[in-house]
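Have a look at the structure below before the remarks.
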Amino acid sequence: MTTDKGLAFGREQFLFTPLSRKVRGILLIKIAVLILGFFSVLIFSLSATSEPLQGSKPNDLQSVSSKASRDRQTLVLSSRNWTITTDLEVPEYITLKLEEGACLTIPAPHRLTINGKFLAPIARICFGDGAIVFNNTSQTVYPQWWGAKGDGYTDDTYAIQKAIDAGANIYVPEGVYILGKITTKTYYLENCILTLHSNLSIAGSGEQSILKLANHMLDNRNDNQSNAHMMGGGNLSDVSIRKIKFDMNGSNNLTPAGKIRNAMALRIAGGENVNIEHCLFYNCAGHNVLALGVGPNAKNRGARIIGNIFKNGGRYVGTPKEDINNPDFSFVYVEWEHAVIQDNTIEQEDINIALHNYTRGVEIHGSHAKLLNNKIIGCDPAVYIATAPAPIENVEVRNNSMHNCARGISFFLTKTPLKNVIISSNVILLNQSTLRTTAGECVGIQVANGAQRTFSSAYANAGPIIGLKITNNDIASNLRRNDKYRGIGMVIHSVHDTEITQNRIVG
Amino acid sequence: MTGGGITFIGSPWGSINVDITENTIFDCGEGVQSGEYGTGIFFAHDGYSILPPQRYYAKNIRITDNSIGNTKENGPEYSGAVFRNLPTTKIENLYVGSNKFVNVTSGLSGGNKTLTNLESLNPKAHYVP
């Protein structure tokens, strides 16, 4: 097929202007090959030499790539080191295959761009400080290519970050990957270990693909605003993280006295379309486990947090060693609009320690949020709906179970309005800690119009809560007769256009 | 529930157009101590009477078709008030009706216990036990 720009062949288009007889001849031959062999694959095999891959030598990668540019072909690199000493781009129609023992060395500032398929053993194949970029978004990229061990001892920060920098589709095979090198950013809250980018997928095999925070990450830092978020980024779009276990190693990263400590699993400042699905988050000594905050020049919308397991965080980090300097904690903190938080299990395994301080399950600060079918255990409160930093509306909390929580659903209004909230078909079972230091009654549904628990003119000067439907919820308690604070089914505070119907507050 | 069932507070802008209907509220107040209430629905609309004028002011409140029982106040056994501090002077157009009470000593408790008081203090309010 010819076009006004040249010759199009298959899915690729090459420019040959003017169209020569020679090219036409080649075209005819290719069509014949296609018809007879029906997409036969031509394989070029390249033998190793001691010479580097540069210039125009006939056996270097660049030269062979060029020669192979007229059909889908597999370019096989045999067992040796292939050094790239110039910027090189491998076309989309070439499959680059590294045999066992082959590797690529790319010194800075050079870049190898691979637009097609790339096949290589899951072992170290990439060396040098130059860049390798996989533009094929379906290309799976392995941290092992940069030397990740996953042995529970070696610091794999470098390898995993290189994989993230190189591709869009990262797979973390089974193993325990230690993360221990912080990248310091301009703003201290953005300090993190792994820096994410847009259009990125990171996936693993589930419980056996473990990213583990190294021990004592901030002990030797002198500033009091340090952070060691495991993953971070700003203004990110289309990011997916699936089937990764985040071991936040909280008992070996306790918050030092007097320091602001935010060792979160993931913190994103602005963005859209972030999916976090079927991950596991254990023992986080940070301020939050997941935090999706608003950022400048970002849409700040579209988070899907689905099917994850969160266990322990805040004061209780999975061992009797308490994080006593971490008094204010939330597992999930979302400021974005259109967040769907569904089918997650959020659990504090020792409620006596956990409920010593505030320990929120899901903290919603964005409009059009849906919290559906989550199981939340041992929190105070399980769900926190807050208007800071902006007004919010259309929040749905439905079909969740909240067991052994000091509070089920609570509101926090800070000078901005809240409209249209549906709280329906939730099961709330109250409990509390004998160690509890946070004051106030245990409440199933607490529609407070102000700070934390009651009205506060300093916060709630934006008017009443408008459009509240509390229907078909079950509220009960495991509280004991002599507990310090009583348990109350609901506290309803300054509401307009509200229905409280068919709820059961029993026992 | 060791405390009360529902605590309904009016402040600071008042609660307007609120339906509390068809709820089941039982076994409240097991843990209450002296001076505390295990009331089915506790009203807290008696706040400031100073500016802003709408403070603690409510209207169009319907409390109907609820089933409330085994409430407890100050004593060893259940049997306390279903509604406490029902604020007839703080709510305009209050309708309380068709509620079912089980094992309670009185439908109302507080300053305005009787239907007569309710109607005389606020002609728009109705209490139908």
Side-chain angles (χ1 to χ4, degrees), chain A residues 417 428-432 440-450 454-457 459-507, chain B residues 1-33 35-45 47-48 52 54-73 76 78 102:
Chain A
I428 301 170
L429 184 64
L430 300 176
N431 209 335
Q432 64 179 313
E441 308 291 355
C442 298
V443 184
I445 298 172
Q446 183 182 48
V447 186
N449 200 329
T454 58
F455 170 73
S456 164
S457 58
Y459 290 90
N461 57 8
I465 297 165
I466 298 173
L468 178 65
K469 290 187 179 179
I470 301 176
T471 63
N472 195 35
N473 299 284
D474 286 277
I475 303 173
S477 92
N478 279 331
L479 296 169
R480 291 165 293 276
R481 183 188 296 264
N482 296 321
D483 280 344
K484 185 176 179 182
Y485 295 107
R486 307 288 84 78
I488 299 175
M490 298 184 198
V491 174
I492 307 298
H493 203 293
S494 201
V495 292
H496 289 191
D497 304 326
T498 289
E499 296 175 17
I500 301 170
T501 61
Q502 297 181 338
N503 301 285
R504 291 162 294 280
I505 301 171
V506 178
Chain B
M1 204 60 62
T2 53
I6 296 176
T7 297
F8 181 36
I9 302 172
S11 67
W13 302 277
S15 288
I16 299 175
N17 301 334
V18 178
D19 287 351
I20 301 177
T21 63
E22 299 182 44
N23 298 287
T24 302
I25 303 172
F26 265 73
D27 300 331
C28 294
E30 182 194 7
V32 297
Q33 297 171 7
E36 297 179 340
Y37 304 113
T39 315
I41 299 177
F42 187 96
F43 293 82
H45 288 67
Y48 300 102
Q54 70 270 32
R55 197 171 180 86
Y56 283 49
Y57 183 77
K59 65 180 179 181
N60 301 338
I61 311 296
R62 292 174 55 86
I63 301 173
T64 64
D65 300 299
N66 298 287
S67 181
I68 304 175
N70 295 349
T71 54
K72 179 189 166 190
E73 296 181 27
Y78 284 119
V102 177

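Residue numbers begin at 1 in each chain, while the letters A, B, ... track the order of the sequences.
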Task: Student check: side-chain heavy atoms of Ile492(A) and Ile470(A) closer than 4.5 Å - done: yes
TODO: With sequence neighbours excluded, tell me which residues meet side chain to side chain contact (heavy atoms under 4.5 Å, CB included) with Gln502(A).
DONE: Glu22(B)
Open item on the list: Is there a side-chain contact between Met1(B) and Leu430(A) in this structure, where contact means two heavy atoms from C-beta onward sitting under 4.5 Å apart?
Closed with: yes
Task: Stepwise side chain to side chain contact (heavy atoms under 4.5 Å, CB included) test for Lys59(B) and Ile16(B) - done: CA-CA 5 Å; Lys59(B) 65 180 179 181; Ile16(B) 299 175; 3.9 Å; yes
Task: Nearest atoms (heavy-atom pairs only) where Asn431(A) meets Cys442(A) - done: O-SG, 4.1 Å
Task: Proximity of residues 471-480 of chain A to chain B, residues having a non-hydrogen atom under 4.5 angstrom - done: Ile475(A), Ala476(A), Ser477(A), Leu479(A), Arg480(A)
Open item on the list: Using every non-hydrogen atom in the two residues, find where Cys28(B) and Gly4(B) come nearest and quote the distance to one decimal.
Closed with: SG-C, 4.0 Å
- [ ] Using a cut-off of under 4.5 Å on heavy-atom pairs, state which of Thr21(B), Asn23(B), Asn60(B) scores highest against chain A.
- [x] Asn23(B)
TODO: Check whether any side-chain heavy atom of Ile20(B) sits under 4.5 Å from a side-chain heavy atom of Asn66(B), and report yes or no.
DONE: yes
Task: Leading residue by heavy atom contact count with chain B [cutoff under 4.5 Å; candidates Gly487(A), Pro464(A), Gly444(A)] - done: Gly487(A)
